[in-house]
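These notes are about the structure you will find just below.
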Amino acid sequence: EAVDPLPLIGPSEVRSLTQAFNMMQARLTRFVTDRTRLLAALGHDLRSPLTAMRVRAEMVEEDETRESLIASVEEMQEMVDATLAFARGMASTEAYETIELGAYLKQLQFDMIDGFTLDAADSLWVRLRPKSVRRALRNIIENACRYGGGAEVTFRHDAEHVHVLVADNGPGIPEAELEQVFEPFFRLEKSRSRETGGTGLGLSIARTIIRAHGGEVTLANRAEGGLLVTITLPLETETQQEERNIS
Ligand code: ADP
């Protein structure tokens, strides 16, 4: 019986298809590695001036100024390290510590100057890498201040998890883009974002850090307007609690 012949693709078509495909692949690879290299180079080049600043900061005689300068330099070093870690796709090597969440958030609030409101009553213990998580929370709270006009930070918990809630009264994020904003370098409405500064890395770094702790970062638009960011972290386990009580 008669079978419709398949359209024939000759060797020359195969060759040009292969060439086109290879070119596309090369361009994509170059695009991704260029971005990664840029980040790695930037991170690397910022390290030595920061080390120099750190040495000078330690020479400041007045206690409060010295401590504050050192803290700022250390924070920048953390950011540089986070950028490098991000560029390399590596996780942090910072040690885990058992932290009381309320005090930890109060310290963050104190250090951020452009304050946010904080309602933290319960005493909750979490096991985390303090500087890394601080960076994650800071990125999220800074976004709420920058795009949403201010942050309201609260937390609640269930038996196993604590949820840190960061709410603002800004424009929120279009539903279709709620996941995309977590992609590296993704930013909404270029014009608005450009005048506010930023890299488009904040949320992806935050999520990477929180996920490395077995947690999650989720976004939702609030019914009353504004964005609600939920940062979920596992609470300290009973075994960890016992260990803490013994030591
Ligand atoms: P950056 O702030 O450096 O641009 P992020 O990854 O932190 O990078 O955020 C990505 C984008 O998500 C921002 O450019 C902004 O458009 C949007 N966004 C983040 N947080 C908020 C918020 N609280 N309200 C409205 N839009 C936000």
Side-chain angles (χ1 to χ4, degrees), residues 31-32 34-36 38-43 46 72 75-92 105 108-109 111-119 129 131-156 163-213 215-233:
F31 179 67
V32 173
D34 279 356
R35 285 198 319 192
T36 313
L38 177 70
L39 272 182
L42 191 70
L46 283 172
S72 299
E75 197 167 337
M76 280 177 74
Q77 283 173 326
E78 270 298 305
M79 287 169 69
V80 165
D81 288 347
T83 309
L84 277 169
F86 184 85
R88 295 180 192 136
M90 284 190 338
S92 164
L105 290 175
L108 178 66
Q109 182 184 34
D111 293 341
M112 278 185 69
I113 303 171
D114 274 336
F116 53 90
T117 63
L118 173 67
D119 178 12
R129 291 170 163 152
K131 286 182 180 169
S132 305
V133 171
R134 184 188 154 95
R135 176 101 300 274
L137 291 172
R138 219 191 140 115
N139 287 352
I140 290 162
I141 295 167
E142 270 171 2
N143 279 349
C145 296
R146 198 189 290 163
Y147 306 109
E152 205 177 291
V153 182
T154 51
F155 63 75
R156 56 186 171 73
H163 310 277
V164 180
L165 310 175
V166 181
D168 67 52
N169 293 306
I173 293 175
E175 292 290 324
E177 268 135 357
L178 280 177
E179 264 307 305
Q180 269 177 292
V181 289
F182 284 105
E183 283 168 23
F185 306 102
F186 184 90
R187 316 192 66 205
L188 289 176
E189 288 172 45
K190 301 270 186 290
S191 58
R192 182 181 74 193
S193 297
R194 200 180 300 131
E195 69 197 31
T196 53
T199 56
L201 275 177
L203 282 174
S204 41
I205 290 176
R207 186 178 251 184
T208 307
I209 293 171
I210 299 299
R211 282 187 173 172
H213 284 78
E216 185 54 290
V217 181
T218 56
L219 304 178
N221 287 302
R222 306 162 75 206
E224 59 270 52
L227 192 73
L228 175 69
V229 187
T230 306
I231 301 115
T232 301
L233 283 166

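Order of appearance sets the numbers: ligands from 1, and atoms from 1 within every ligand. Atoms considered below: every heavy atom in the structure, side chains included; atoms not considered: hydrogens, waters and symmetry mates.
Note that NE2 of His163 is 11.5 Å distant from OG1 of Thr154, once rounded to the nearest 0.5 Å. Here the NZ atom belonging to Lys131 is positioned 13.5 Å from the CZ atom belonging to Arg138, to the nearest 0.5 angstrom. Distance CG/Asn169 to CD/Glu152: 7.0 Å, rounded to 0.5 Å. Atom CG of Leu137 and atom CD1 of Ile231 lie 5.0 Å apart (nearest 0.5 Å).
With a 4.0 Å cut-off on non-hydrogen atoms, Leu203 touches ligand 1 through its backbone as well as its side chain. Contacts with ligand 1 closer than 4.0 Å are made by no heavy atom of Val229, backbone or side chain.
Of the N or O atoms in Leu227, none lie within a sub-3.5 Å distance of an N or O in ligand 1. Between Leu188 and ligand 1, a contact under 3.5 Å exists for at least one N or O pair.
Close contacts of ligand 1 with Phe186, meaning ligand atoms under 4.0 Å from a residue heavy atom, involve 10 (C), 11 (C). In summary, the atoms of ligand 1 found under 4.0 Å from a heavy atom of Asn143, numbered by their order in the structure, are 2 (O), 5 (P), 7 (O), 9 (O), 19 (C), 20 (N), 23 (N).
What you find for Val133 and Ile209 is that their closest heavy atoms are N-CG2, 4.0 Å.
For Arg146, the closest heavy-atom approach to ligand 1 falls below 4.0 Å. Residue contacts with ligand 1: Ile173 is included, with a non-hydrogen atom under 4.0 Å away. For the pair Pro171 and ligand 1, no heavy-atom separation below 4.0 Å is found.
Applying the side chain to side chain contact (heavy atoms under 4.5 Å, CB included) test to Leu228 and every residue at least two apart in sequence or in another chain returns Leu165, Ala167, Arg222, Thr230. By the side chain to side chain contact (heavy atoms under 4.5 Å, CB included) test, Glu179 pairs with Phe182, Arg207, sequence neighbours left out.
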